[in-house]
Protein chains: 2
Amino acid sequence: MNKKVQSNSDETPYKWFWRALDDYLVKNSLKQTKQRKVIVQEFLAMNPHVDAEQLFERLRKMGYYFGLATVYRTLNLLKDANLVDQLAFSDGRSVFEVNTPDSHHDHLICTHCRKVVEFENEEIEKLQLKVAQHYGFSLESHRLDLFGRCPDCMPV
Amino acid sequence: MNKKVQSNSDETPYKWFWRALDDYLVKNSLKQTKQRKVIVQEFLAMNPHVDAEQLFERLRKMGYYFGLATVYRTLNLLKDANLVDQLAFSDGRSVFEVNTPDSHHDHLICTHCRKVVEFENEEIEKLQLKVAQHYGFSLESHRLDLFGRCPDCMPV
DNA sequence: ATCCATCTTCAAGTGAATTGCAAATAGAGT
DNA sequence: ACTCTATTTGCAATTCACTTGAAGATGGAT
């Protein structure tokens, strides 16, 4: 039940991400462009849950007038590189999140204030793998959302 | 190849569903129309995981030329009545599923053929409750999706 | 049987995301 | 540093799932 801590300090917190991205670009003869660099940089700054349109707006406010298509293409590149995951909602929108090597997509979502808390539980992960194996599935990723009231929104 | 046959007879196993739907319609001054009846009937026959377009095609093949909009509106009606849930995929499509009173929302989803298998795991449920309590959340409901390749879609 | 709010149909509209293409550019080879 | 060219970008057009508007049809309350 240990909460995943991702350093917030100024010292390049996502070295592994940039290195993995660089690897992917080189391996696939893709190019490092200013757009990609800035988009990824701001994407990481917005972590953990990034909406493409919001990222686009953020870039725009910072003075980067890249096309929305470029933002989408960059996010899809990261998805292809297996560095991010896409979470779809039933209203048609979706958010992107960093896919850490030991990726966790477990959320506690407050049904009242919509706060999202991420958690990680080794036992649940193990059981998930067991279930998948039981049905003959390989397990690529997962998503677990628990809905309820957070402490601040508890009814008296 | 034993196809599950859902007869039109009165011994439908979804009595509770029809009753709940009827309640909802009456309570909200909505009407029982032939379209709704047939769409719901075929929706239930396609259970557990129904794609709106597929349902539309099925109806068409059975000689019911209802508009696609009507199919969507009926599914949304069921969603409003809390009788079905909608599962969204990142490619923009989504499927609907019956929301039983003692509903479990645990799925194995094939990332290749989109097949969905439902499962239930008592241990995982217990751990979920534990996690929620640990963070001071009450637990109202949950959704667990495991993504991977099903046996039929395993790469050689 | 009448009345009117709700429904259906069909077409047009929406909005997120993708794609086609010409111009720009990264970066390998020279 | 310069060339060369495959990759990228920007922009507009397009796609795709889904929704909505409007006008005629219909359920069901009276």
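In what follows, every heavy atom counts, from backbone to side chain, and hydrogens, waters and symmetry copies are set aside. Letters A, B, ... mirror the listed sequences (proteins, then strands); counts begin at 1.
- Between the CG atom in Leu55(B) and the CG atom in Leu75(B) there is a gap of 6.0 Å [rounded to 0.5 Å].
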I'd like a table of donor-acceptor pairs (distance under 3.5 Å, sequence neighbours excluded) in which one partner is a side-chain atom from residues 86-95 of chain B, with atom names and distances.
unit_1: Gln86(B); atom_1: OE1; unit_2: Lys79(B); atom_2: NZ; d: 2.4
unit_1: Gln86(B); atom_1: NE2; unit_2: Ser94(B); atom_2: OG; d: 2.9
unit_1: Asp91(B); atom_1: OD1; unit_2: Arg93(B); atom_2: N; d: 3.0
unit_1: Asp91(B); atom_1: OD1; unit_2: Arg114(B); atom_2: NH2; d: 2.8
unit_1: Asp91(B); atom_1: OD2; unit_2: Arg114(B); atom_2: NH2; d: 2.3
unit_1: Arg93(B); atom_1: NH2; unit_2: Asp51(B); atom_2: OD2; d: 3.1

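- When each of Lys130(A), Glu122(A), Gln128(A) is tested with Lys126(A) by the rule side chain to side chain contact (heavy atoms under 4.5 Å, CB included), just one qualifies, namely Glu122(A).
- The side chain of Asn76(B) sits closest to dT19(D) out of dT19(D), dA17(D), dT9(C).
- Phosphate contact (OP1/OP2 of dT8(D), side-chain N/O of Arg36(A), threshold under 4.0 Å): present.
- Nearest to the side-chain atoms of Lys31(A) among the listed nucleotides dT26(D), dG21(D), dT8(D) stands dT8(D).
- Between Thr33(A) and dT9(D), a side-chain N or O to OP1/OP2 separation shorter than 4.0 Å is present.
- Along DNA chain C, the nucleotide nearest to Arg73(A) and the one nearest to Ala52(A) differ in position, and the one closer to the 5' end is contacted by Ala52(A).
- Nearest-nucleotide positions on DNA chain D place Ser94(B) closer to the 5' end than the other of Ser94(B) and Leu30(B).
- Residue Tyr72(B) has no polar side-chain atom (N or O) positioned under 4.0 Å from OP1 or OP2 of dT19(D).
- Taking for each of Gly92(B) and Tyr65(A) the nucleotide of DNA chain D with the nearest heavy atom, the 5'-most of the two is the partner of Tyr65(A).
- Phosphate proximity of dA6(D) to Ser29(A): absent, as no side-chain N or O sits under 4.0 Å from OP1 or OP2.
- Contact annotation: Gln35(B) reaches the phosphate of dT9(C) (side-chain N/O to OP1 or OP2, under 4.0 Å).
- Here Asp106(A) does not pair with Arg143(A) in a salt bridge; the nearest charged N to carboxylate O distance is not below 4.0 Å.
- The phosphate of dG10(D) has OP1 or OP2 within less than 4.0 Å of a side-chain N or O from Thr70(A).
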